Amino acid sequence: ELKVEQNPLFLSMQEGKNYTIYCNYSTTSDRLYWYRQDPGKSLESLFVLLSNGAVKQEGRLMASLDTKARLSTLHITAAVHDLSATYFCAVGSMEYGNKLVFGAGTILRVKS
Amino acid sequence: NAGVTQTPKFRVLKTGQSMTLLCAQDMNHEYMYWYRQDPGMGLRLIHYSVGEGTTAKGEVPDGYNVSRLKKQNFLLGLESAAPSQTSVYFCASTPGWGTEAFFGQGTRLTVV
(Lines give C-alpha, C1' and ligand atoms only; values in the text may rest on other atoms or scores of the structure.)
Protein backbone atom coordinates (compact mmCIF):
# COMPACT_ATOMS: atom_id res chain seq x y z
CA GLU A 1 0.00 0.00 0.00
CA LEU A 2 1.27 3.44 -0.90
CA LYS A 3 1.41 5.66 2.18
CA VAL A 4 2.51 9.28 2.46
CA GLU A 5 3.32 10.96 5.76
CA GLN A 6 3.94 14.64 6.30
CA ASN A 7 5.33 16.38 9.32
CA PRO A 8 4.72 18.58 11.03
CA LEU A 9 0.96 18.77 10.57
CA PHE A 10 0.86 22.28 11.97
CA LEU A 11 3.57 24.89 11.89
CA SER A 12 3.46 28.34 13.39
CA MET A 13 6.46 30.49 12.63
CA GLN A 14 7.61 34.05 12.79
CA GLU A 15 8.24 36.13 9.72
CA GLY A 16 11.85 35.97 8.64
CA LYS A 17 12.49 32.49 10.01
CA ASN A 18 13.41 29.34 8.09
CA TYR A 19 11.77 25.97 8.39
CA THR A 20 11.38 22.62 6.62
CA ILE A 21 8.36 20.42 5.97
CA TYR A 22 9.06 16.71 5.52
CA CYS A 23 7.30 14.20 3.32
CA ASN A 24 8.03 10.50 3.71
CA TYR A 25 6.52 7.84 1.47
CA SER A 26 6.37 4.09 1.68
CA THR A 27 7.49 2.75 -1.65
CA THR A 28 9.15 3.37 -4.97
CA SER A 29 7.76 6.54 -6.47
CA ASP A 30 7.75 7.82 -10.00
CA ARG A 31 6.82 11.35 -9.19
CA LEU A 32 6.49 13.63 -6.19
CA TYR A 33 4.40 16.79 -6.09
CA TRP A 34 3.99 19.71 -3.77
CA TYR A 35 0.74 21.68 -3.69
CA ARG A 36 -0.52 24.72 -1.87
CA GLN A 37 -4.11 25.27 -0.73
CA ASP A 38 -5.55 28.51 0.61
CA PRO A 39 -8.65 28.30 2.85
CA GLY A 40 -11.79 27.52 0.86
CA LYS A 41 -9.84 27.23 -2.38
CA SER A 42 -8.62 24.51 -4.68
CA LEU A 43 -5.07 23.18 -4.90
CA GLU A 44 -2.30 24.99 -6.71
CA SER A 45 0.71 23.12 -8.04
CA LEU A 46 4.08 24.25 -6.68
CA PHE A 47 6.64 21.66 -7.75
CA VAL A 48 6.98 18.39 -9.63
CA LEU A 49 10.03 16.27 -8.72
CA LEU A 50 10.85 13.29 -10.89
CA SER A 51 14.33 12.05 -10.10
CA ASN A 52 16.67 11.41 -7.22
CA GLY A 53 18.46 14.58 -6.18
CA ALA A 54 16.00 16.85 -7.94
CA VAL A 55 15.84 20.34 -6.47
CA LYS A 56 13.45 23.07 -7.51
CA GLN A 57 13.07 26.59 -6.20
CA GLU A 58 10.42 29.26 -6.54
CA GLY A 59 10.80 32.40 -4.51
CA ARG A 60 11.15 31.50 -0.82
CA LEU A 61 10.24 27.84 -1.36
CA MET A 62 12.66 25.08 -2.30
CA ALA A 63 11.74 21.42 -2.76
CA SER A 64 14.07 18.46 -2.95
CA LEU A 65 13.76 14.73 -3.48
CA ASP A 66 15.81 11.82 -2.12
CA THR A 67 14.34 8.66 -3.62
CA LYS A 68 16.72 6.37 -1.73
CA ALA A 69 15.50 7.72 1.60
CA ARG A 70 11.95 8.04 0.21
CA LEU A 71 11.91 11.59 1.46
CA SER A 72 11.05 14.98 0.03
CA THR A 73 11.47 18.29 1.80
CA LEU A 74 9.91 21.70 1.30
CA HIS A 75 12.18 24.37 2.72
CA ILE A 76 10.87 27.82 3.55
CA THR A 77 13.39 30.65 3.64
CA ALA A 78 12.69 33.92 5.47
CA ALA A 79 8.98 33.29 5.77
CA VAL A 80 6.47 36.02 5.00
CA HIS A 81 2.79 36.21 5.93
CA ASP A 82 1.67 35.48 2.35
CA LEU A 83 3.08 31.97 2.65
CA SER A 84 0.40 31.08 5.19
CA ALA A 85 -1.54 28.17 3.66
CA THR A 86 -1.81 24.39 3.78
CA TYR A 87 0.93 22.52 1.94
CA PHE A 88 0.48 19.01 0.63
CA CYS A 89 2.89 16.54 -0.82
CA ALA A 90 1.58 13.85 -3.15
CA VAL A 91 3.21 10.72 -4.50
CA GLY A 92 2.45 8.94 -7.75
CA SER A 93 3.53 5.43 -8.54
CA MET A 94 3.17 3.30 -11.64
CA GLU A 95 3.82 0.32 -9.36
CA TYR A 96 0.49 1.11 -7.72
CA GLY A 97 -1.51 1.58 -10.88
CA ASN A 98 -0.79 5.27 -11.28
CA LYS A 99 -2.50 6.25 -8.05
CA LEU A 100 -1.77 9.75 -6.82
CA VAL A 101 -1.80 9.67 -3.01
CA PHE A 102 -1.65 12.75 -0.78
CA GLY A 103 -0.21 13.38 2.64
CA ALA A 104 -2.40 14.85 5.38
CA GLY A 105 -1.07 18.36 4.76
CA THR A 106 0.89 20.88 6.80
CA ILE A 107 -0.96 23.97 7.99
CA LEU A 108 1.50 26.84 7.96
CA ARG A 109 0.82 30.06 9.85
CA VAL A 110 3.35 32.86 9.52
CA LYS A 111 3.03 35.47 12.23
CA SER A 112 4.03 39.08 11.76
CA ASN B 1 -9.63 27.32 -21.65
CA ALA B 2 -11.77 26.14 -18.73
CA GLY B 3 -9.37 23.48 -17.37
CA VAL B 4 -11.14 21.22 -14.88
CA THR B 5 -14.75 22.06 -14.09
CA GLN B 6 -16.83 20.44 -11.36
CA THR B 7 -20.61 20.50 -11.22
CA PRO B 8 -22.30 21.35 -8.89
CA LYS B 9 -20.27 23.58 -6.56
CA PHE B 10 -22.60 23.07 -3.57
CA ARG B 11 -25.25 20.52 -2.74
CA VAL B 12 -27.31 19.47 0.25
CA LEU B 13 -28.71 15.93 0.21
CA LYS B 14 -30.97 14.03 2.52
CA THR B 15 -29.78 10.68 3.82
CA GLY B 16 -30.61 7.98 1.30
CA GLN B 17 -30.81 10.27 -1.71
CA SER B 18 -28.61 9.75 -4.73
CA MET B 19 -26.64 12.16 -6.84
CA THR B 20 -23.91 12.40 -9.44
CA LEU B 21 -20.99 14.79 -9.44
CA LEU B 22 -19.57 15.70 -12.82
CA CYS B 23 -15.94 16.45 -13.56
CA ALA B 24 -15.18 17.77 -17.03
CA GLN B 25 -11.74 18.60 -18.44
CA ASP B 26 -10.95 20.16 -21.80
CA MET B 27 -7.21 19.40 -21.84
CA ASN B 28 -7.40 15.91 -23.37
CA HIS B 29 -5.91 14.42 -20.21
CA GLU B 30 -5.73 10.66 -19.82
CA TYR B 31 -5.78 10.36 -16.04
CA MET B 32 -8.56 11.61 -13.82
CA TYR B 33 -9.03 11.34 -10.06
CA TRP B 34 -11.74 11.89 -7.47
CA TYR B 35 -10.76 12.87 -3.92
CA ARG B 36 -12.57 13.80 -0.78
CA GLN B 37 -11.13 16.30 1.67
CA ASP B 38 -11.99 16.21 5.36
CA PRO B 39 -10.44 18.34 8.11
CA GLY B 40 -7.13 16.96 9.31
CA MET B 41 -7.14 14.09 6.82
CA GLY B 42 -5.77 15.65 3.68
CA LEU B 43 -7.11 14.41 0.37
CA ARG B 44 -8.13 10.78 0.16
CA LEU B 45 -8.41 9.06 -3.17
CA ILE B 46 -11.87 7.64 -3.89
CA HIS B 47 -11.59 6.32 -7.46
CA TYR B 48 -9.47 7.11 -10.45
CA SER B 49 -9.20 6.44 -14.16
CA VAL B 50 -6.18 6.01 -16.41
CA GLY B 51 -8.13 6.34 -19.63
CA GLU B 52 -11.52 6.32 -21.29
CA GLY B 53 -13.54 3.30 -20.23
CA THR B 54 -11.28 2.43 -17.29
CA THR B 55 -11.78 2.94 -13.56
CA ALA B 56 -10.01 1.75 -10.43
CA LYS B 57 -10.54 1.92 -6.69
CA GLY B 58 -8.61 4.29 -4.50
CA GLU B 59 -8.22 4.41 -0.72
CA VAL B 60 -11.87 5.04 0.23
CA PRO B 61 -14.13 3.68 -2.54
CA ASP B 62 -17.02 2.32 -0.45
CA GLY B 63 -20.34 4.04 -1.08
CA TYR B 64 -19.21 5.57 -4.37
CA ASN B 65 -19.28 4.53 -8.01
CA VAL B 66 -17.63 6.12 -11.02
CA SER B 67 -17.80 6.04 -14.78
CA ARG B 68 -15.56 7.33 -17.58
CA LEU B 69 -17.58 6.81 -20.73
CA LYS B 70 -16.01 9.83 -22.43
CA LYS B 71 -12.39 10.84 -22.05
CA GLN B 72 -13.24 14.36 -20.96
CA ASN B 73 -15.76 13.41 -18.26
CA PHE B 74 -15.40 11.53 -14.98
CA LEU B 75 -18.59 11.01 -12.99
CA LEU B 76 -18.80 10.23 -9.29
CA GLY B 77 -22.03 8.73 -8.03
CA LEU B 78 -23.48 8.35 -4.57
CA GLU B 79 -26.27 5.77 -4.71
CA SER B 80 -27.55 6.24 -1.15
CA ALA B 81 -25.98 9.21 0.58
CA ALA B 82 -24.93 8.98 4.23
CA PRO B 83 -23.91 11.76 6.66
CA SER B 84 -20.37 10.31 6.64
CA GLN B 85 -20.13 11.40 3.00
CA THR B 86 -20.38 15.04 3.97
CA SER B 87 -17.15 16.44 2.59
CA VAL B 88 -15.51 18.59 -0.03
CA TYR B 89 -14.92 16.64 -3.23
CA PHE B 90 -12.14 17.48 -5.65
CA CYS B 91 -11.55 16.20 -9.13
CA ALA B 92 -8.13 16.29 -10.78
CA SER B 93 -6.71 15.41 -14.17
CA THR B 94 -3.23 14.92 -15.59
CA PRO B 95 -1.87 14.10 -19.04
CA GLY B 96 0.06 11.16 -17.64
CA TRP B 97 3.30 10.19 -15.96
CA GLY B 98 5.51 12.94 -14.63
CA THR B 99 3.18 15.87 -15.04
CA GLU B 100 1.29 17.91 -12.53
CA ALA B 101 -2.35 17.26 -11.78
CA PHE B 102 -4.81 20.08 -12.32
CA PHE B 103 -7.65 20.42 -9.84
CA GLY B 104 -11.23 21.54 -10.13
CA GLN B 105 -12.67 24.13 -7.78
CA GLY B 106 -14.31 21.56 -5.52
CA THR B 107 -17.86 20.50 -4.61
CA ARG B 108 -19.06 21.04 -1.08
CA LEU B 109 -21.56 18.27 -0.25
CA THR B 110 -23.60 18.13 2.92
CA VAL B 111 -25.71 15.08 3.76
CA VAL B 112 -28.33 15.67 6.44
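Chain identifiers are assigned alphabetically (A, B, ...) following the order of the sequence lines, protein sequences preceding nucleic acid strands; residue numbering begins at 1 within each chain. The shown structure was predicted, so the numbers you read here are calculated from the model rather than taken from an experiment. All heavy atoms count here, side chains included; hydrogens, waters and symmetry mates do not.
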Just wondering, do A:Q37 and B:F103 contact through their side chains at under 4.5 Å, heavy atoms? no
On a heavy-atom basis, which atom in A:F102 and which in B:L43 lie closest, and how many Å separate them? CB-O, 3.6 Å
Show the nearest heavy-atom pair for residues B:A101 and A:Y33, with the distance to one decimal. N-CE2, 4.3 Å
Contacts under 3.5 angstrom, residues 77-85 of chain A side chains, donor-acceptor by atom type, not counting sequence neighbours:
{"unit_1": "A:H81", "atom_1": "ND1", "unit_2": "A:V110", "atom_2": "O", "d": "3.0"}
{"unit_1": "A:S84", "atom_1": "OG", "unit_2": "A:H81", "atom_2": "O", "d": "3.0"}
{"unit_1": "A:S84", "atom_1": "OG", "unit_2": "A:V110", "atom_2": "N", "d": "2.9"}

If we define contacts as heavy-atom pairs under 4.5 Å, which of B:F102, B:Y48, B:F90 has the most with chain A? B:Y48
Is it the case that over 12 heavy atoms from other parts of the model lie below 6.0 angstrom from the [atom1] atom of [X]?
X: A:R36; atom1: CZ; value: yes
X: A:E15; atom1: CD; value: yes
X: A:Q14; atom1: CD; value: yes

Is A:Y35 in contact with chain B via its backbone, its side chain, both, or neither, using a 4.5 Å heavy-atom distance? side chain
Region of A:L100 that comes under 4.5 Å of a non-hydrogen atom in chain B: both
Under a single-linkage definition using a 4.5 Å side-chain heavy-atom cutoff for Ile, Leu, Val, Met, Phe, Trp and Tyr, are A:I76 and A:M62 assigned to the same hydrophobic cluster? no
Does A:L74 share a hydrophobic cluster with A:I107, counting links as ILVMFWY side-chain heavy atoms below 4.5 Å and allowing steps through other members? no
Here the gap from A:E1 atom CD to B:E59 atom CD, rounded to the nearest 0.5 Å, amounts to 7.0 Å
Where the side chain of B:Y31 meets the backbone of A:K99, is there a donor-acceptor pair that is under 3.5 Å apart? no
